[in-house]
K.L.:
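Pasting a structure below so you can have a look.
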There are 2 protein chains.
Amino acid sequence: MDLTHAAFNEHDCGNCPIRHRAVCARCDAAELRDLEQIKYYRSFEAGQTVIWSGDQMEFVASVVTGIATLTQTMEDGRRQMVGLLLPSDFVGRPGRDRAPYDVSATTDLVMCCFRRKPFEEMMIRTPHISQRLLQMTLDELDAAREWMLLLGRKTAREKIASLVAIIGRRDASLHIRGHKGPLTFDLPLTREAMADYLGLTLETVSRQISALKRDGVIELQGKRHVTVPSLDRLLEEAGDDTDGGFLN
Amino acid sequence: MDLTHAAFNEHDCGNCPIRHRAVCARCDAAELRDLEQIKYYRSFEAGQTVIWSGDQMEFVASVVTGIATLTQTMEDGRRQMVGLLLPSDFVGRPGRDRAPYDVSATTDLVMCCFRRKPFEEMMIRTPHISQRLLQMTLDELDAAREWMLLLGRKTAREKIASLVAIIGRRDASLHIRGHKGPLTFDLPLTREAMADYLGLTLETVSRQISALKRDGVIELQGKRHVTVPSLDRLLEEAGDDTDGGFLN
DNA sequence: TTGCCGCCTTGATGCAGATCAAATGGGATT
DNA sequence: AATCCCATTTGATCTGCATCAAGGCGGCAA
C-alpha cells in the first residue's frame with residue numbers, strides 16, 4: 001500500500017528542512033531543478049515493507065520523515081538489523097539494481113525518491129553529489145563498525161545502554177543544541193526491533209531495560225518514553241570509550 | 001619499526017598488479033604521474049602496528065601485498081576486528097585526521113601511501129577518484145553488514161564455516177578463475193585473530209575447527225592449511241542464503 | 001639432541017542469555 | 001464498562017559459549 005501523497009509531489013526540495021544534511025546538500029538552484037524532474041515522494045505506514053531483499057531497485061531515496069530499517073533474514077528466520085535510517089539518510093546503491101536487504105518503515109515514513117537511472121547519470125555530470133555520497137557512506141561505515149563492536153563483544157546490559165545512548169544523543173542533537181541536564185525522549189523501536197538491532201531476544205531486551213530502570217540508570221514513563229538522569233552514567237554502562245559514535 | 005624499502009619507492013604504479021582493483025583503477029597516465037609525486041611505500045612485519053587509534057593520519061594508502069586488520073578495543077581489553085584489508089583495499093578516510101581504529105599487519109605487509117593533503121586536493125580535481133572510492137566504500141559497507149549478521153545471529157560453528165568460506169572464495173577468485181573441485185588454501189590468521197574477527201574466544205574457535213574437521217567439512221594439513229572437499233557443504237554449514245558476500 | 005617458547009588443543013565447570021511458558025497491562029473497538 | 005488484541009513483562013529451565021586450567025606440538029636456539 002503505497003500512500004503517495006499528491007501534496008508531497010509539489011514539495012520543493014530547496015525548502016526541505018533536511019536538505020542540508022542530505023545527499024543534495026551542496027546542490028545549487030539549477031541542480032535542484034534537475035532533481036525535481038526525477039523525484040517523487042512515497043509514504044508508508046509504520047510496519048510496511050518498502051522493498052524486499054532481491055527486489056528490483058527502481059529508485060534511490062532520502063528519508064524525509066520517520067525511521068526506516070535495513071534487515072537481513074536467514075532461511076530459518078533469524079533476523080539481524082543492519083541499518084537504521086533517519087531523516088536525511090540515503091537509501092539504495094547507485095550501480096546496483098537488486099536490493100540486498102529488506103527495507104521497512106518502523107514509524108510512518110516519507111521518502112524522497114529519485115528514479116535510479118537518471119540519478120546515476122546526474123551523478124556522473126555532478127561530481128559533488130558523488131563526493132557528498134562518499135562522505136555519507138564513510139559515516140555509515142564508521143557507524144557499522146561501532147555496531148560490530150557492540151554485536152561481537154558487549155553484554156546484553158551494555159548493548160541496551162548503548163542503544164539508549166545512541167538514540168538519546170541523536171535526539172538531543174536534533175533538538176536543543178548544547179542542552180544540559182536530564183535527557184528525555186522516545187524509543188522509536190519496539191522491543192522486538194531493539195532485539196533485532198542488538199542481536200538479542202526480545203525477552204532479554206525487556207529484562208535488561210527493567211534492570212537499568214531498577215538500578216536508576218534510566219526512568220520510564222510508559223513503555224516508550226525514557227528519561228536519562230545522567231548521560232555519563234549511561235555511557236559508563238554502555239562500555240563506550242569513545243564518545244563519538246552516532247549511528248548512521 | 002618502519003622498514004621502508006628503497007626498492008619500492010622506484011615502483012611504477014602503472015605496472016602494479018593490484019592497480020586495476022585499487023582506488024586509482026581508472027587513472028590515466030597523467031594522473032598516475034601526479035600520484036607518483038605524493039606516494040611512498042611502507043613495509044611492516046607481521047604483528048606490527050601500522051597506526052594506533054587516535055593517531056594523526058598523515059596519509060591514506062592502498063594495501064599492495066599482505067593483510068592488514070582494523071581493530072577496536074574496549075577499556076577492559078575486549079577486542080573486535082572491524083576490517084580485514086587485502087591487496088588493493090584502501091586505508092584511511094579523506095577529510096579525517098585521527099585514526100578511529102588500530103591498524104595492524106597480520107602478515108608481512110606493504111602499503112602504498114599517499115600524503116593525505118595532496119591526495120585530498122587531487123580528489124577534488126579528479127572526480128573519478130571519488131567515484132571509485134565511493135564504489136569501494138559501498139562494497140565495504142555491504143561486507144560490514146554481512147559481518148553484522150554473522151556477529152549478531154550466527155552460532156560459533158556457523159561463524160567458523162563462514163570465515164573459512166570467505167577466505168577460501170577470495171583466494172579462489174585471486175587464483176584460478178572458474179576452478180572447480182576441492183579448494184585448498186592457507187588461513188592467514190591466528191586462532192586469536194579469528195576469534196577477534198568472529199566475536200568468540202580462541203578456545204571456541206579451536207574447538208569448532210576441530211568439530212568441522214571431525215565432521216569432514218574441512219581437512220587440515222598442519223594448523224593453517226585447509227582443504228574444502230565441498231564448497232556447497234561448507235556454505236550450508238555457514239548458514240548463508242546469499243552466495244555473494246565477499247569481504248571488503 | 002635437548003629445552004624453551006608460542007601457538008594450539010582439549011578438558012572441566014560456570015553462567016549469560018536463549019527458550020518455553022504464562023501473566024500483565026494499555027489502547028482500541030463495541 | 002466490557003472485551004479483545006498485542007506488546008510487554010516476568011518466571012522457570014536449558015544450553016552454548018566463556019572461563020579456568022592443563023597438556024601437546026612444532027620450530028628454533030644453544
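Order of the sequence lines fixes the chain letters, A, B, ..., with proteins taken first and strands second; residue numbering starts at 1 for each chain.
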K.L.:
By a strict heavy-atom criterion of less than 4.0 Å, which residues belonging to residues 209-216 of chain A are in contact with DNA chain C?
P.N.:
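By residue number: none to list.
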K.L.:
Could you list the residues that satisfy side-chain contact (heavy atoms from CB on, under 4.5 Å) with B:R96, not counting sequence neighbours?
P.N.:
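side-chain contact (heavy atoms from CB on, under 4.5 Å) check on B:R96 returns A:D142, B:R93, B:P100.
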K.L.:
Is the backbone N or O of A:S88 less than 3.5 Å from a side-chain atom of A:R21, with the two atoms forming a donor-acceptor pair by type?
P.N.:
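Side chain of A:R21 to backbone of A:S88: no pair is present.
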K.L.:
Would you kindly check whether a donor in the side chain of B:E203 faces an acceptor in the base of D:dC17, or vice versa, at under 3.5 angstrom?
P.N.:
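No such pair is found, so the answer is no.
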K.L.:
Return the minimal non-hydrogen interatomic distance between A:V164 and A:F185, and the atom names on each side.
P.N.:
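Looking at all heavy atoms of both residues, the closest pair is O-CZ, 3.6 Å.
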K.L.:
What class does the angle between the rings of B:Y197 and B:W147 fall in, given that below 30° is parallel, 30 to 60° is tilted and above 60° is perpendicular?
P.N.:
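B:Y197 vs B:W147 ring planes: parallel.
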K.L.:
Does A:E158 form a side-chain contact (heavy atoms from CB on, under 4.5 Å) with A:R153? I'd like the steps, not just the answer.
P.N.:
CA-CA 9 Å; A:E158 288 169 336; A:R153 295 302 188 191; over 6 Å; no
K.L.:
Pick base, sugar-phosphate or nothing for B:G47, based on heavy-atom distances below 4.0 Å to the nucleic acid.
P.N.:
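If one applies the 4.0 Å heavy-atom cut-off, B:G47 turns out to touch nothing in the nucleic acid.
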K.L.:
Just checking, is any N or O donor in the side chain of A:Q72 or A:R79 under 3.5 Å from an acceptor N or O on the other one?
P.N.:
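No donor-acceptor contact under 3.5 Å links the two side chains.
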K.L.:
Which atom pairs, one a donor and one an acceptor, fall under 3.5 Å between side chains of residues 209-223 of chain A and the rest of the protein, sequence neighbours left out?
P.N.:
| from | atom 1 | to | atom 2 | distance (Å) |
| --- | --- | --- | --- | --- |
| A:S210 | OG | A:S206 | O | 3.1 |
| A:D215 | OD2 | A:R157 | NH1 | 3.0 |
| A:D215 | OD2 | A:R157 | NH2 | 2.9 |
| A:Q221 | OE1 | A:T227 | OG1 | 3.2 |

K.L.:
Kindly state which residues belonging to residues 152-161 of chain A come within less than 4.0 angstrom of DNA chain C, counting heavy atoms of the residue only, listed by number.
P.N.:
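A:T155, A:A156, in order of number.
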K.L.:
Testing the basics here: between A:Q80 and A:G199, what is the closest heavy-atom pair and its distance to 0.1 Å?
P.N.:
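Heavy-atom minimum between the residues: OE1-CA, 3.7 Å.
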K.L.:
A:D76: which residues meet the side chain to side chain donor-acceptor pair (under 3.5 Å) condition with it, sequence neighbours left out?
P.N.:
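With neighbours one apart ignored, the set is A:R78.
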K.L.:
A:I51 and A:Q56: side-chain contact (heavy atoms from CB on, under 4.5 Å), yes or no, with the steps?
P.N.:
CA-CA 9 Å; A:I51 307 163; A:Q56 199 88 27; over 6 Å; no
K.L.:
Does anyone know the first and last nucleotide of DNA chain C in reach of chain B, 5' to 3', at under 4.0 angstrom to a heavy atom?
P.N.:
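The footprint of chain B covers C:dC8 to C:dA12.
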K.L.:
Not counting sequence neighbours, which residues clear side chain to side chain donor-acceptor pair (under 3.5 Å) with A:D108? List them please.
P.N.:
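So A:D108 forms no side chain to side chain donor-acceptor pair (under 3.5 Å) with any residue.
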K.L.:
Note down the inter-axis angle between the two ends of the helix from C:dT1-D:dA30 to C:dT30-D:dA1, five pairs each, to the nearest 10°.
P.N.:
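End-to-end axis angle for the helix from C:dT1-D:dA30 to C:dT30-D:dA1: 30°, rounded to 10°.
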K.L.:
What closest approach, in Å, do A:L189 and A:I167 show between heavy atoms, and which atom pair accounts for it?
P.N.:
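Minimum heavy-atom separation between A:L189 and A:I167: CD1-CD1, 4.5 Å.
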K.L.:
What are the atom names and distances for every N/O pair under 3.5 Å that joins the protein to nucleotides 3-8 of chain D?
P.N.:
| from | atom 1 | to | atom 2 | distance (Å) |
| --- | --- | --- | --- | --- |
| D:dT8 | OP2 | A:R191 | N | 2.9 |

K.L.:
Return the set of residues passing side chain to side chain donor-acceptor pair (under 3.5 Å) with A:T204 (not counting sequence neighbours), or none when no residue passes.
P.N.:
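Side chain to side chain donor-acceptor pair (under 3.5 Å) list for A:T204, sorted by chain: A:T201.
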K.L.:
Once side-chain contact (heavy atoms from CB on, under 4.5 Å) is applied, do any residues pair with B:S53, and if so which ones, sequence neighbours excluded?
P.N.:
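If we apply the side-chain contact (heavy atoms from CB on, under 4.5 Å) test to B:S53, skipping adjacent residues, the hits are B:D102.
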K.L.:
Output all residues satisfying side chain to side chain donor-acceptor pair (under 3.5 Å) with A:R207, sequence neighbours left out; order by chain, then residue number.
P.N.:
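None.
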